[in-house]
Trainee: 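The structure is given below, and queries will be raised subsequently.
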Amino acid sequence: AAAGSCFFRAGGKRFTGLQMTGRASSILPHVKSGEAAEGSPNADADTATATAPVVDEETLRNDLETAIEEEDYGRAAKLRDELRHLREDGRSSLLAANARFYDAFRDGDLAAMHAVWAKGEHVYVVHPSAGRISGYETVMRSWEMVCDADHEFPLRFDLQDVEVHVKGDIGYVTCLEMVKTRGSGGSWGKQLATNVFEKVAGEWLMCVHHASHLDDDDE
């Protein structure tokens, strides 16, 4: 497909946009991401401790391996807990970024859509029934077409089978987008979506959105 052009399918038909049901921030009941991060700051910590840099996952893993090799199991248990909390906090913040993307999509909010994407030529989007669209500016033009289309915003959609994966400063969310499109006779279309994020200055920003139409007989 030409850059900036995008089409969508639901119920076996092709459309130039989507009409969906639900709010992104409230449609994640099937998330497979573990428990929310816990922990609170030490009330007795001084200012220097409170402003100390956050230890990254690789450092914690290395320290954990060292503690196990030295048979310092008390320290190893503490490091293992810190590593688990760090991972769960990463998953929670990644889910929040994913929700911001779907909120922008649902509302047809182009300014919000601009804000959730990373800047650069490495970013790309694949809309259902369309080819790969690469580069931040071109990707944004494709979303302009979606947001400027003749739809009744907010759109209506539901997400299912949400899974979250984080590895350092890269994370991705996979999900099944259940879509009810105007003109589809009330049937639900389905898209398999993969949303890839990178952490920029401490914030998760989208660098890839890839959605593919799923027929009922594909399940």
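Scope of the values below: all heavy atoms of this structure, side chains included, with no hydrogens, waters or symmetry mates.
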Trainee: Using every non-hydrogen atom in the two residues, find where H209 and E177 come nearest and quote the distance to one decimal.
Mentor: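 For H209 versus E177, the nearest heavy atoms are CE1-OE2, 3.6 Å.
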Trainee: In the single-linkage hydrophobic clustering (I, L, V, M, F, W, Y; side-chain heavy atoms under 4.5 Å), do M113 and V208 co-cluster?
Mentor: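 Hydrophobic grouping puts M113 apart from V208.
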Trainee: What heavy-atom pair brings W204 and S93 nearest, and what distance separates the two atoms?
Mentor: NE1-OG, 3.0 Å
Trainee: Does T194 have any side chain to side chain donor-acceptor pair (under 3.5 Å) partners at least two apart in sequence or in another chain, and if so, which?
Mentor: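 If we apply the side chain to side chain donor-acceptor pair (under 3.5 Å) test to T194, skipping adjacent residues, there are no hits.
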Trainee: To the nearest 0.5 Å, how far apart are CZ in R141 and OG1 in T138?
Mentor: 4.0 Å
Trainee: Same cluster or not: Y136 versus F197, using hydrophobic residues (I, L, V, M, F, W, Y) connected whenever any side-chain heavy atoms lie under 4.5 Å apart?
Mentor: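 The answer is yes; both residues are in one hydrophobic cluster.
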Trainee: Of all the heavy-atom pairs spanning D63 and R75, show the shortest one and how long it is.
Mentor: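 Minimum heavy-atom separation between D63 and R75: O-NH1, 3.8 Å.
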Trainee: Which heavy-atom pair separates V162 from C175 by the least distance, and what is that distance?
Mentor: CG2-CB, 3.9 Å
Trainee: So which residues get pulled into L205's cluster when ILVMFWY side chains under 4.5 Å apart are joined, directly or through others?
Mentor: V200
Trainee: Who are the ring pair (Phe, Tyr, Trp, His ring centres under 6.0 Å) partners of Y172, not counting sequence neighbours?
Mentor: H165
Trainee: State the NE2-CG distance between H210 and L192, to the nearest 0.5 angstrom.
Mentor: 9.5 Å
Trainee: So do the side chains of L176 and L159 get within less than 4.5 Å of each other, counting heavy atoms only?
Mentor: no
Trainee: Going by side chain to side chain contact (heavy atoms under 4.5 Å, CB included), name the residues that satisfy it together with I68, two or more places apart in sequence or in a different chain.
Mentor: L64, A76
Trainee: Answer yes when R100 and D103 have at least one side-chain N-carboxylate O distance shorter than 4.0 Å, and no when they do not.
Mentor: no
Trainee: List the atom pairs, with distances to 0.1 Å, where a side-chain N or O of residues 116-125 and a protein N or O form a donor-acceptor pair under 3.5 Å, not counting sequence neighbours.
Mentor:
residue	atom	partner	partner atom	Å
K119	NZ	W117	O	3.4
H122	NE2	E198	OE2	2.7

Trainee: My understanding is that only residues two or more places apart in sequence, or in another chain, count here; which of them pass side chain to side chain contact (heavy atoms under 4.5 Å, CB included) with A112?
Mentor: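 Only A104, D109 meet the side chain to side chain contact (heavy atoms under 4.5 Å, CB included) criterion with A112.
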Trainee: Where is the tightest heavy-atom contact between R132 and V126, given as atom of each residue plus distance?
Mentor: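 Shortest heavy-atom contact: CA-CG2, 3.8 Å.
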Trainee: Of all residues at least two apart in sequence or in a different chain, which pass the side chain to side chain donor-acceptor pair (under 3.5 Å) check with T174?
Mentor: none
Trainee: Walk me through whether K190 and H213 qualify under side chain to side chain contact (heavy atoms under 4.5 Å, CB included).
Mentor: CA-CA 6 Å; K190 301 176 183 179; H213 179 69; 5.8 Å; no
Trainee: Using the rule that two of Ile, Leu, Val, Met, Phe, Trp, Tyr join whenever any of their side-chain heavy atoms come within less than 4.5 Å, decide whether L110 and V146 are in one cluster.
Mentor: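 Yes, one cluster joins them.
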Trainee: Aromatic ring centroids of F101 and W143 under 6.0 Å?
Mentor: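 Distance test on ring centres: under 6.0 Å, yes.
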